[in-house]
Each structure stands twice: as C-alpha cells, then as structure tokens.
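Below: one structure, written as structure tokens.
In what follows, chains carry the letters A, B, and so on, assigned in the order in which the sequence lines appear, proteins first and then strands, with residues in each chain numbered from 1. Quick note: numbers below take in every heavy atom, side chains included, and nothing from hydrogens, waters or symmetry partners.
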2 protein chains.
Amino acid sequence: MLFFNTDSFRKLPTDKQEKILQTAIIEFAEHGFDGANINVIAKKAGISVGSMYKYFKNKHDLYMMTVSISVNKLSTTLNEIISLKMDFLSTVEKIVRAIQFHSRENIYLTKLYNQMTTENNAEFVQRIVSQMEGVTAQLYAAFIAEAQKNEDARPNINPKYFAFFLDNLFILLQFSYTCEYYKERLKMFVGEDVFADDELLVEQLMKFVKGALYLKD
Amino acid sequence: MLFFNTDSFRKLPTDKQEKILQTAIIEFAEHGFDGANINVIAKKAGISVGSMYKYFKNKHDLYMMTVSISVNKLSTTLNEIISLKMDFLSTVEKIVRAIQFHSRENIYLTKLYNQMTTENNAEFVQRIVSQMEGVTAQLYAAFIAEAQKNEDARPNINPKYFAFFLDNLFILLQFSYTCEYYKERLKMFVGEDVFADDELLVEQLMKFVKGALYLKD
DNA sequence: GTGTGGTGAGTGAGTGCTCACTCGTTATCC
DNA sequence: GGATAACGAGTGAGCACTCACTCACCACAC
C-alpha cells in the first residue's frame, strides 16, 4: 500500500479510518475530483475540517488514497480467484460471477475507478495501472499460452492481445453493472431484464469467450 | 441535433461557432465539467465572457452542446460504415480501422465521451445513450441474426448479447487509443509497440471476433 | 452627402458565492 | 498541567455569471 496519508491518520481507530475513507469514496465517486467537497466529506464523516487536514496533506492526497483503496479492493478480489489455480474457463466464469456480485456490493469503488480513468495526470495514472493490471495482464496471457500448448486454444493467436480483449470485456461488464451511462447502454442492447437474469449473461459471455479462444464445447 | 444554445449563437458565422465549440471540447475533455473554466474557454476562443453568456445559457448548456457534438461525430462515422451494407466481417474490420484512424484525428471527442460516461445525471445520460447507441445496438444484433440464418454464426447464441460484447470491444479499443489510463493499460498488456502496428491489432481482434461468432476462417 | 437616432452584438470589470486550506481556541488524556 | 488531538470560524483565491456601457451599422430626414 502506498502512503498518501499521515501518521496521525494511521493512529486512528480502524472504524474511524474506514468511516472517513468510505465517505470520501462515495463523494469522489459521485462528483469526481473537482466536484467533491472536502468540507462536506468531513461533515458526513463526523469529523472537523481541521482534522481532515491533520490526516491528509490536501484534497489530492485524500483522493489518491481513495482511488488506491478502490483499485486495491478490485485487484485483490481478482487475484484471489486467479490464485485458486483452476482451469482457464472455470476461472473466467468465476471472474464474471465475481463482477456481478462485486458490482452490487461495491458500487462506489467501481464508479470511482471509472472516474479515475478520465484522469490526465500521467505519473498518477501509471502507478494505478500497474497496481491494477500489472498482475492480471501477465496471468491472462500465460493462461492462454498454456491453453495453446494443450491444444485447447488456437495456435495462431497472440496470447497478449487475447488477454487484452478478454480484460476489456471484464472492465466494461463491471461498468455496465454500476455506472449510470453504461447501465443505460446495457439495457438498450439487451433489454431491461438483464439485471434480473445473471445466469443468461454468464452463459452468453462464456460462449463468446470460448468461441474466441476456439475451445471445444 | 438538440438545441442547447441560443439564437444569437446560431446566427454567428460558422467558423466562429466552430472555434468556440472546438475550444470548449478541448477544455472539457482535458478537465472535465467541474474542472473546466468558462473564462478560459472564452479567452482561448477569442471572445468575451459576456458573449459566451449571450450564446449559451450557462456552463452546463455549453457542456451539453459539446458532448452532443462529440457523440454525433462518433455515431455518424459509425453509421456511415454500417450503411455501406457490406458483409458482417468486412463491416467489423472497417469499424476497427475507423476507430484507429478516428482516435488519432479526434482525440478530444473521444476523451470527452469518456468524461461523459462518469456523469450521474440520469435524464442527460439517457438522451446521450439513445443518440449514441440507439441505432448500432439494433444493427449489430440484426447483423448477427442474419449471419445465423446463413449458418455463418452459431445458432445457439443470443444476437443481442453478442452485439453488446462486440460493442464493448469497440468502445474500449477507442479509449485505448486516446485516454491516458487506457493507453497505459494497453501498453501494459501487449507492449509499447502496439501504437506502431495497427495491422497486428486488426488481425488479432478479427480472429477474436470471428472465433466468438464461430465463423469459418 | 451629412447629420441624427435607434439597435443590438460585443465587452470586461465587477459581484457574490463557493470551497480548499489555516490557525487560534478548546477539549481530552495521562 | 502539559502535551496532544479535535474543532470550526475565518480567509482569500478562484470562478460562474451579470450589467452598464461601447460602438459599428443602418435607416431616414433634410
């Protein structure tokens, strides 16, 4: 974990820390960096503005902290699944289901993640990308290369590119379950009922992915 | 086209209109709605703040106008390709190439589009979604259903879902060529060279899509 | 052609509000 | 009682938006 906060924040009881961070995550997720209001966050978290600035150097540091938390949560969930070392298809299916579950449980983490993708600060972006995708990128590609060896995947495909396309599907699926715009878009594509039938989506996405990799049914 | 501007704006010479809009698009794309500064936009566009407020009711109306322009440009490009009525695979390939070209030509339109997806205003979002995806969603699905009839696509897939997955690939590809975060992520997945070898990406993505639909090579 | 008056697009200094951040004061703990 | 933590009114910079004013332009009278 990177340190954007101060000693005094780390000395706080955990529940107070979490209250502050959770409040900040919601505010930043809903309004973006510029739109969020520190005074409001402090009030909602039940602390004074003064304390806020004892705990964090400035608004941007608080923001970085929340983004880091959010990205950490997302990538941890993913890495847990991957470390189960199941076969590739089972892993993919597990990830899709995790996205469906996680999106409902942690709306704001995902919204914040989407907010963050609009950031133009190069250095910041780079740090977050490697935290988020550093592991998965390699793992997906390795998985696909492995499948090629076992002749479960077409030999003439580039694992790195296929890993990228696969992750694209995951990311947009996640947004489609959480962010207003993408939710509307999903409804427009397949109808209002999507959100009531998780199984159908899993089934269809699995077919799509299986086909893409040329795996036998 | 929806009207967010005033009569006096529409009476302006076209080049002046375009100067103002282009400047606004860049500012909003770079800084988001809250981060953008109307006074700066006016100065860069070479008009007074007073005039700005003669042309647009307020900041939000100017924003809506720019987003509308951007979405219009994107969807027009797409619809032009689709209306060529080529076979499905050729259409997909043409779209992928158009994304590669368009992303470089119109960085700010795409960045603005990404900004817009973080919007929480339900009514606004709905209007934009239908402007953007209203046509394509149906068309992709129809294309796939057609392919099923010709036995070029697997019979047991749901065209609507597959259309959705396909468009997901397109959207993220677009962002991956323009927005800082997604650009970094693409580099992380396949390496720095991607941006120098458009053909390789086209080739790999086509294989991915072909496989997904179960089309013969 | 010259003078007069009316028009409205364009201007930018000014206004008032919002909000990131500070600091003198007060509470709490040992 | 001294040290440390928490407080929140206060500050000032920034910015969305206004409004009193300018002036180029045209119409009409003589």
Side-chain angles (χ1 to χ4, degrees), chain A residues 4-67 112 115 119-121 124, chain B residues 3-67 115 119-121 124:
Chain A
F4 303 113
N5 53 25
T6 64
D7 265 356
S8 58
F9 181 72
R10 256 164 284 152
K11 278 190 219 139
L12 248 39
T14 327
D15 59 335
K16 201 169 178 184
Q17 284 188 29
E18 297 220 314
K19 182 75 193 285
I20 295 167
L21 290 173
Q22 193 52 34
T23 313
I25 285 170
I26 294 176
E27 284 298 300
F28 283 124
E30 298 263 62
H31 305 109
F33 177 73
D34 288 298
N37 183 332
I38 291 280
N39 298 43
V40 169
I41 294 174
K43 186 163 233 169
K44 286 191 181 167
I47 61 165
S48 66
V49 213
S51 299
M52 197 82 247
Y53 281 87
K54 280 263 152 53
Y55 304 152
F56 298 94
K57 215 177 92 232
N58 51 35
K59 187 184 185 181
H60 200 249
D61 265 27
L62 174 61
Y63 179 66
M64 304 257 262
M65 183 79 193
T66 60
V67 170
L112 185 58
Q115 286 283 356
E119 195 74 31
N120 277 314
N121 176 343
F124 173 64
Chain B
F3 295 149
F4 302 112
N5 51 27
T6 64
D7 265 358
S8 58
F9 181 73
R10 257 163 283 151
K11 278 189 218 142
L12 247 39
T14 327
D15 58 334
K16 201 169 178 184
Q17 284 188 29
E18 297 220 314
K19 182 75 191 285
I20 295 167
L21 290 173
Q22 192 54 31
T23 312
I25 285 171
I26 294 176
E27 284 298 300
F28 282 124
E30 299 262 63
H31 305 108
F33 177 73
D34 288 299
N37 183 333
I38 291 280
N39 297 43
V40 169
I41 295 174
K43 188 163 230 169
K44 287 191 181 167
I47 60 164
S48 66
V49 211
S51 299
M52 198 82 247
Y53 282 88
K54 284 261 155 62
Y55 305 151
F56 298 94
K57 214 176 93 231
N58 51 34
K59 189 184 185 181
H60 200 249
D61 265 28
L62 174 61
Y63 180 66
M64 305 259 261
M65 183 80 195
T66 60
V67 170
Q115 287 283 357
E119 196 73 30
N120 276 314
N121 176 343
F124 173 63

Next item on the list: Please state whether the phosphate of D:dA5, meaning OP1 or OP2, lies under 4.0 angstrom from any side-chain nitrogen or oxygen of A:K54.
Entry: no

Notebook entry, point to check: Atom CD1 in A:I26, atom CD1 in A:I41: separation rounded to 0.5 Å?
Noted result: 10.0 Å

Checklist line | Nearest-Å distance for atom pair OH/C1', residues B:Y53 and D:dT18 | finding: 10 Å

Check: So, does A:N120 use its side chain to make a donor-acceptor pair with the main chain of B:E30 at under 3.5 Å?
Finding: yes

Note to self: With rounding to the nearest 0.5 angstrom, report the CD1 to CG distance, B:I25 to B:L62.
What the structure shows: 9.5 Å

Next item on the list: Give the rounded distance in Å between these two atoms: CZ of A:F56 and C1' of C:dA20.
Entry: 15 Å

Notebook entry, point to check: Of the residues in residues 35-50 of chain A, which ones touch DNA chain D at a heavy-atom distance under 4.0 Å?
Noted result: A:I47, A:S48, A:V49, A:G50

Check: Which residues pass the salt bridge (Lys or Arg N to Asp or Glu O under 4.0 Å) test with B:K44, sequence neighbours left out?
Finding: B:E27

Note to self: Please determine whether a side-chain nitrogen or oxygen atom of B:S51 lies at a distance below 4.0 Å from atom OP1 or OP2 of C:dA9.
What the structure shows: no

Note to self: Nearest whole Å is fine: how far is C:dT22 P from A:M52 CE?
What the structure shows: 14 Å

Margin query: Rounding to an integer number of Å, can you tell me how far B:H60 NE2 sits from D:dA16 P?
Written below: 13 Å

Check: Atom NZ of A:K16 to atom P of C:dT28: distance rounded to whole Å?
Finding: 12 Å

Notebook entry, point to check: Okay, side chain of A:S8, backbone of A:K54: is any donor-acceptor separation there less than 3.5 Å?
Noted result: yes

Next item on the list: Specify the separation, in whole Å, of atom CG of A:D34 and atom P of D:dA16.
Entry: 11 Å

Note to self: Rounded to whole Å, how long is the line connecting atom CG of A:L62 with atom C1' of C:dA20?
What the structure shows: 12 Å

Next item on the list: Measure the acute angle between the ring planes of B:F28 and B:Y63, then classify it against the limits of 30° and 60° as parallel, tilted or perpendicular.
Entry: perpendicular

Checklist line | Of the listed nucleotides D:dA5, C:dA9, C:dA20, the one nearest the side chain of A:K11 | finding: D:dA5

Notebook entry, point to check: Whole-Å distance between D:dA16 P and B:E27 CD?
Noted result: 11 Å

Notebook entry, point to check: Would you say a side-chain N or O of B:Y55 is under 4.0 Å from OP1 or OP2 of C:dA9?
Noted result: no

Check: Do side-chain atoms of A:K59 reach the backbone of A:A36 as a donor and acceptor pair under 3.5 angstrom?
Finding: yes

